[in-house]
Amino acid sequence: MYNHGEIDKKWQDKWLAEGVFKAEDFSEKPKKYLLVEFPFPSGAGLHVGHPRSYVALDVLARKLRMQGNNVLYPMGWDAFGLPTENYAIKTGRPPAEVTAENIATFKAQIQSLGLSFDWSREVNSTDPGYYKWTQWQFLQFFKAGLAYKAKSVINWCPKDKIGLANEEAQGGICERCGGPVEKREKEQWMIGITKYADRLITDLETVNYLPKIQKQQEEWIGKSEGAEIEFSVVQNPQILFASTNGGKAKLFRESFDKINSGIAVVAPSDLGITPIEVEEGSDLMENAEKKARAYFGKTDLPILANDAGVEIEGENLDPAFARRNALVGIDEKTLSPEEIAQRVTEFYSALAKKYGGTARTAIHTAFVLLFPDGRIERVSSTIKGVLVETPEGELDVRMPLNNLFKVDGSDDVVAVDGAKVHAAWTAMNNSIADFCGKKIRVFTTRPDTLFGVTYITLAPEHDFVKEIVSPSQRSEVEKYVATVARKTEIERTDATREKTGVFTGAFAVNPVNAERVPIWISDYVLAGYGTGAVMAVPAHDERDFEFAKKFGLEMRLVVAGDDVVPFTEEGIAVNSEFLNGLTTAEAKQKMISWLEEQKAGARKITYKLRDWVFSRQRYWGEPIPLVHCDHCAAKKQKVLFVHAFGSTGSKDAIMRAQLEALGFEVLMPRMSTVNEPDFEKWMEELAPYFEQLGEDDIVIGHSLGGHAAASALLRANKKIKALLLMAPSLGEFASGYWEVRKQENPTHTAAIDKLSAFIARPVDLQKVSVLADAKEVVWSDDDTRVPEPTHELYPTGWYINRVTGQNHFYGTAGVKIFVEMITKYKNTGWVSLPDSALPLTLPPVEKYEPTDNGESPLASIPEFVNTTCPRCGGAATRETDTMPNWAGSSWYFLRYIDAHNDKEFAAADKLKYWMPVDLYNGGMEHTTLHLLYSRFWNKFMFDLGFVPTVEPYARRVSHGLIMASDGNKMSKSKGNVVNPDEIVREQGADTLRAYELFIGPFAEPAPWSENGVAGVKRFLDRVMRLPEKVAAAESEEVTRGLHKMLARVTEDLDRMSFNTVVAQYMTFVNTVYGAGAITKDSLQIFLRALNVVAPHVSEELWAQLGGPGLVCQQSWPQFTHSLTLDENFELVVQVNGKVRDRIQTPSGLSEDELKKLALASLKVQEWLQGKEPQKIVVIKNKLVSIAI
RNA sequence: GCCGCGGUGGUGGAAUGGUAUACACAAGGGACUUAAAAUCCCUCGUCGAAAGGCUUGCGGGUUCGAGUCCCGCCCGCGGCACCA
């Protein structure tokens, strides 16, 4: 038994003193960056599970060094977190103090293992010098608009009055008191990781991750392709047609050639109603005029209106109105009022004809045309209505509505008296405008089953629930919503539970067949996924099936398959009109195209990944370096709108009204050079407006105005909050219209350079939003074409948003999107601390417990909370939430590269030298969160130009857990934890190292075994006695054994098969003992190979044998291929696949010679019994296989 | 339920489609010793006295040859889970 205690210490001190494991920045040698997850230094100290990964990568690090690489293998501490905080709550000791102690313990323990870490780069996430940069990086997210505050659910223990982390609320039970945990909404900081969802998936192709890790990442992000489909909402007609006389009437329902969202065909005559006569001055006409007048003076163009909506310059402010016009074939721009009236009449007449009806004179529609000079034309004079005879009765066909009317479960509506119907009719007409904007969007991965939809379900949390619920259903719906809110997480996500839900009283119109289907709410719909609404196809979805069964809802088979119901697989479409006969894949495509043509839906990709909840109401974390300033929040921001040549007329008025309502001050200068563009003059006229702008203000430029705005901004050299370019025609036009015109600089590249120059740093614009026309080519600043941009963040910080179906002179949809985008830049009152104020350090507190209302303990320190606004100098309050543990660990690998830099988180040239991490090993438990967060973090820093690689880790592998000898997980509570200290003390560091490698395949879990440790120890003792066997000569067996061992060890290390590496060493040592002698040279070669696993033992023997320097600084031993083979080998001869003979044969014989040898074998002759072999297969140096 | 991984001696495990059970543990026997520890040697999948047969969860298939590849099951582990 060797004296391991003395030897271990001696060599560890020596390595440290000589700095042999220091990584050298910018060395000429090839760099290799190996990384293990930095541990949380718990009070319990190191546990045998920790070193498994450290030792394994240490072996690789040592080998790579011996192979001439410049290796960075660092270690640090992920020291923020709950266990320390809970300990502090219990004992009242400051977490910083406890952390320092724990780190000291951990470090001593880790250092006792002889790991070749470069301790000069040690980092500690709780060190203000470290978290200064965590905070600084958080501010980059904030400044890019990627960090935002939003309501989010937290686990709340009502008894302890404290918010719990997910791991403290497992199974819906509070870890502290054992009571049930509730969900509670709280404003939390969120980080927009979902914006990177797609890149986080696609970039996986560029890295080498263990397949299961890659798979888990992909599934966590959860991309699904399908369609988003719009269903118009209609209320139950019962509300409109309240019964008074009890009589019944039929409603005729038909989907006229599948017109988009349907036509309402009601039968007032059947209801006992006289068709409504609309005279000038009547309600309908009054409404139309009122609507038109609302826009008077705000546009230079004629305004067309009816009581349902307004249209200016061919842009429909009301999609229903537009649809009607499309239906009737009206183009207001080209038709005169008389012609319009004519068209409408013709349309109704055609309808009448189609359904065998007769036209009847009645005024059904009112239009007005209001001209800029105040002249008004009323277009409603006489339009013929239609009376239709049908098998179901006589019908009066009215103007197409957005609605279909049908009473639950039947085609009946209830008759009412004339006056009430009139009122209802008016109300209904009025409501069209209200309803037309109300569309329920659903996400589906099976658009091919759209014909099978029999109801719609919303998540109870859906925004629309309150708006669409019918009065009669209100109380029931509210009751249900409340019940759901009270449910715990487990209750809600238990899929085996019986489905629950209630009907809202509202209906939705299926765009594909104009059918009205009921809208329900149910908690089986997840609010956070897709749109929070589902189109239910009970015949082809398990969940919808259960729900429909329970509530007696219709099921409709639209995919032919097995006889099982529900049939959820793919098949052939049936009962689906234009999809019939298509396979599921084909039907999906066809349906999506159809939806896109009809503008009723679109191809859509949805992700499971949610934004990252970044707030913790805790003490022991990085303080979030933001203050809230009421004064800054209240400050009016200016929005400067720079027009193109022509004014955008009516849109201005709408945009202005909406922005002003949101509290912005709007500037819309009219240029004198509108019709004869003169760039310099334009700049001159714009200058005073830009002069007024401050850093909170926003500039919008439309078309050429975008380029003018950008140029004016550059000239004014102003810092503003955001520049939004609306349809700037980036592709053809980016160098500015002016340059193109002068033919000076027509190429895209130069154009883009120009554009990016102003977008980028001089005006400090993180945010340039581009709203592009549908067919416009959009280029990003690296001169690559941006594929199908839509709400994406691109490298310079541009948000590009493509508006489909809009022309260059943006329509109302464009206004809507722009108002949304501008709203994003509205001051929230959250102001970031200047870099000079970082780090914002944790103040000392007395109590570490969260406050009664769930705020962090920081909230109870007035000196911390109350501060001044760094922006306006007024009174402000600090954010008291702290960051999650994942923050510091999202970038620690960057800090190792330049651990002591106090100017930046790491110097660019050093990052460029060391990144990416060549090999990153960690536990499977970190595959989803940590790995995803840090990849995202790195990507964002890459986008800002701070790190050199898109992906932080070139390769990721993981190790299995070390289990206790009883087969359970090691845990304090089970009392089965093995402490590495004890092993190191009693059997030496090398024993622990070698055993952890030998225990089993690195990636698999393995049970700890005391006996196994003893076996490894025995092996090392045998190694220590090898010098006794040193002789002048050795047998050939030993020499060949040495080379075989080297070949296999080298190969096994490359594939991280550490357990077999140790076995190879053992085999070799057994060979030496068997032979009884080894030369000094061979032993020294062996020690060089062994060093990576057993560094202490090998250094000691190396010194004993008088080798030069340190073994760990020798080169990795080479082997001679010819010596890895034995001189003779046992030729295996198989007959019909069974081994029949083994013949000692010299290595290297030819195939023919082997064949002859095999056939000559007596045993083989016996088995052949004179038969002629059918086939003979020869494998050199292995076997001969004979088939008869 | 879905996805991934695995199932080989008493145990941990080894095996680019080519001699299944390397290496180690445990067990048994022996040597050394007054004895113990340590060390060293031998045996060690299974049936069989042997020759030889059988054996990698089960059943098929491909192949001269299958632990390994393919199909269908069974079992275990890990992850996700009402994601439409």
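Scope of the values below: all heavy atoms of this structure, side chains included, with no hydrogens, waters or symmetry mates. Below, chains carry the letters A, B, ... as their sequence lines are ordered, and counting in each starts from 1. Note that the coordinates shown come from a computational prediction; the quantities given were computed from them, not determined experimentally.
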Enquirer: Check the orientation of A:W520 and A:F547. Use parallel for under 30°, tilted for 30 to 60°, and perpendicular for over 60°.
Expert: perpendicular
Enquirer: Which pair of heavy atoms, one from A:L1149 and one from A:K1180, lies closest together, and at what distance?
Expert: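 A:L1149 and A:K1180 have their closest heavy atoms at O-CE, 3.2 Å.
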Enquirer: According to the Watson-Crick and G-U wobble definitions, with both distances under 3.5 Å, which nucleotide is paired to B:rG10?
Expert: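 Checking every strand shown, B:rG10 finds its partner in B:rC25, with both distances under 3.5 Å.
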Enquirer: Are side-chain heavy atoms of A:P211 and A:Q214 found at a separation under 4.5 Å?
Expert: no
Enquirer: On a whole-Å scale, what distance lies between the P atoms belonging to B:rU68 and B:rA51?
Expert: 29 Å
Enquirer: Under a 3.5 Å cut-off for both distances, is B:rU16 Watson-Crick or wobble paired, and to whom?
Expert: none
Enquirer: 5'-most contact on RNA chain B: A:F443 or A:A1187, nearest heavy atom basis?
Expert: A:A1187
Enquirer: Take A:E546 and A:K550 through the salt bridge (charged side-chain N to carboxylate O under 4.0 Å, His left out) test and state the conclusion after the steps.
Expert: CA-CA 6 Å; A:E546 279 173 39; A:K550 174 160 174 192; over 6 Å; no
Enquirer: Find the partner of B:rU63: check Watson-Crick (N1-N3 plus N6-O4 or O6-N4) and G-U wobble (N1-O2, O6-N3) distances, both under 3.5 Å, and reply none if neither fits.
Expert: none
Enquirer: Please give, in whole Å, the distance from B:rC42 P to A:Y1073 OH?
Expert: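 Roughly 15 Å, once rounded to whole Å.
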Enquirer: Taking only the P atom of each, what is the distance from B:rC25 to B:rC70 in whole angstrom?
Expert: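 My reading of the P atoms in B:rC25 and B:rC70 gives 36 Å.
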Enquirer: Quantified in whole Å, what is the P atom distance between nucleotide B:rG59 and nucleotide B:rC64?
Expert: 23 Å
Enquirer: Are there more than 12 heavy atoms of other residues, nucleotides or ligands under 6.0 Å from atom CZ of A:R556?
Expert: yes
Enquirer: Given the C1' atoms of B:rA84 and B:rG67, what is the spacing between them in whole Å?
Expert: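 Roughly 42 Å separates the two C1' atoms.
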Enquirer: For the P atoms, the ones on B:rA66 and on B:rG18, what distance do you get once it is rounded to whole angstrom?
Expert: 11 Å
Enquirer: Aromatic ring centroids of A:F1058 and A:F998 under 6.0 Å?
Expert: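 No, the ring centres sit 6.0 Å or more apart.
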Enquirer: Can you tell me how far C1' of B:rG78 sits from CG of A:L961, to the nearest Å?
Expert: 11 Å
Enquirer: Between A:D1152 and A:K1156 (salt bridge meaning N to carboxylate O under 4.0 Å), is one present in this structure?
Expert: no
Enquirer: A:R1025 has an atom CZ; how far is it from atom C1' of B:rU39, in whole Å?
Expert: 7 Å
Enquirer: Paired with B:rU39: which nucleotide, if any, by Watson-Crick or G-U wobble criteria at under 3.5 Å for both distances?
Expert: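 Across all strands, the one nucleotide that pairs with B:rU39 is B:rA31.
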Enquirer: Round to a whole Å and report the spacing from CH2 of A:W520 to C1' of B:rA84.
Expert: 18 Å
Enquirer: With no hydrogens and no angle check, is any side-chain donor or acceptor of A:S522 less than 3.5 Å from a backbone partner on A:T500?
Expert: yes
Enquirer: Going 5' to 3' through nucleotides 12-24 of chain B, assign each nucleotide B (protein heavy atom under 4.0 Å from a base atom), S (under 4.0 Å only from sugar-phosphate atoms) or - (no protein heavy atom that close).
Expert: BSSS--BB--BBS
Enquirer: Atom CG of A:L210 and atom P of B:rG6: how far apart are they, to the nearest Å?
Expert: 11 Å
Enquirer: Indicate yes or no: at least one non-hydrogen side-chain atom of A:Y1065 is less than 4.5 angstrom from one of A:V1023.
Expert: no
Enquirer: Phosphate oxygens OP1/OP2 of B:rG65: is one of them under 4.0 Å from a side-chain N or O of A:R1140?
Expert: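 Indeed not, no polar side-chain atom of A:R1140 lies that close.
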Enquirer: For the pair made of CD in A:E925 and C1' in B:rC77, what is the distance, rounded to whole Å?
Expert: 16 Å
Enquirer: Quick one: label A:S1009 by what it contacts on the DNA or RNA (base, sugar-phosphate, nothing), any heavy atom closer than 4.0 Å.
Expert: nothing
Enquirer: Can you check the distance between B:rG65 and B:rG76, where both ends of the measurement are the C1' atom (answer in whole Å)?
Expert: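 Here B:rG65 and B:rG76 have their C1' atoms 31 Å from each other.
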Enquirer: In whole angstrom, what separates A:L1020's CG from B:rU39's P?
Expert: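 It works out to 13 Å between those atoms.
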Enquirer: State the pairing partner of B:rC82; accept Watson-Crick or G-U wobble contacts with both distances under 3.5 Å, and report none otherwise.
Expert: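 Its partner: none found.
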Enquirer: Within a reach of under 6.0 Å around CD of A:E542, are more than 12 heavy atoms found that belong to other residues, nucleotides or ligands?
Expert: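 Atom CD in A:E542 is not crowded, with 12 or fewer foreign heavy atoms closer than 6.0 Å.
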Enquirer: Which residue, A:K1138 or A:L609, contacts RNA chain B at a nucleotide closer to its 5' end, judged by nearest heavy atom?
Expert: A:K1138
Enquirer: Taking the chi torsion of B:rG9, is it syn (within 90° of 0) or anti (everything else)?
Expert: syn
Enquirer: Say you pick atom P in B:rC73 and the same atom in B:rG52; how far apart are they, in whole Å?
Expert: 41 Å
Enquirer: What is the distance, rounded to the nearest whole Å, between atom CD of A:E225 and atom P of B:rA84?
Expert: 12 Å
Enquirer: What is the nucleic acid contact for A:R1048, judged by heavy atoms within less than 4.0 Å: base, sugar-phosphate only, or nothing?
Expert: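 No contact.
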Enquirer: Write down the protein N/O and nucleotide N/O pairs, taken from nucleotides 2-4 of chain B, whose separation is under 3.5 Å; answer none if there are no such pairs.
Expert:
unit_1	atom_1	unit_2	atom_2	d
B:rC3	O2'	A:E219	OE2	3.1

Enquirer: Under a 3.5 Å limit for both distances, which nucleotide forms a Watson-Crick or G-U wobble pair with B:rG4, could you say?
Expert: B:rC77
Enquirer: Salt bridge check: are A:E230 and A:K604 linked by an N-O gap of less than 4.0 Å?
Expert: no
Enquirer: Using a strict threshold of under 4.0 Å (side-chain N to carboxylate O), is an ion pair present between A:E996 and A:R52?
Expert: no
Enquirer: Looking at B:rA84, I'd like to know if its phosphate oxygens (OP1 or OP2) sit under 4.0 Å from a side-chain N or O belonging to A:Y529.
Expert: yes
Enquirer: For nucleotides B:rG10 and B:rC3, find the distance between their P atoms and express it as a whole number of Å.
Expert: 34 Å
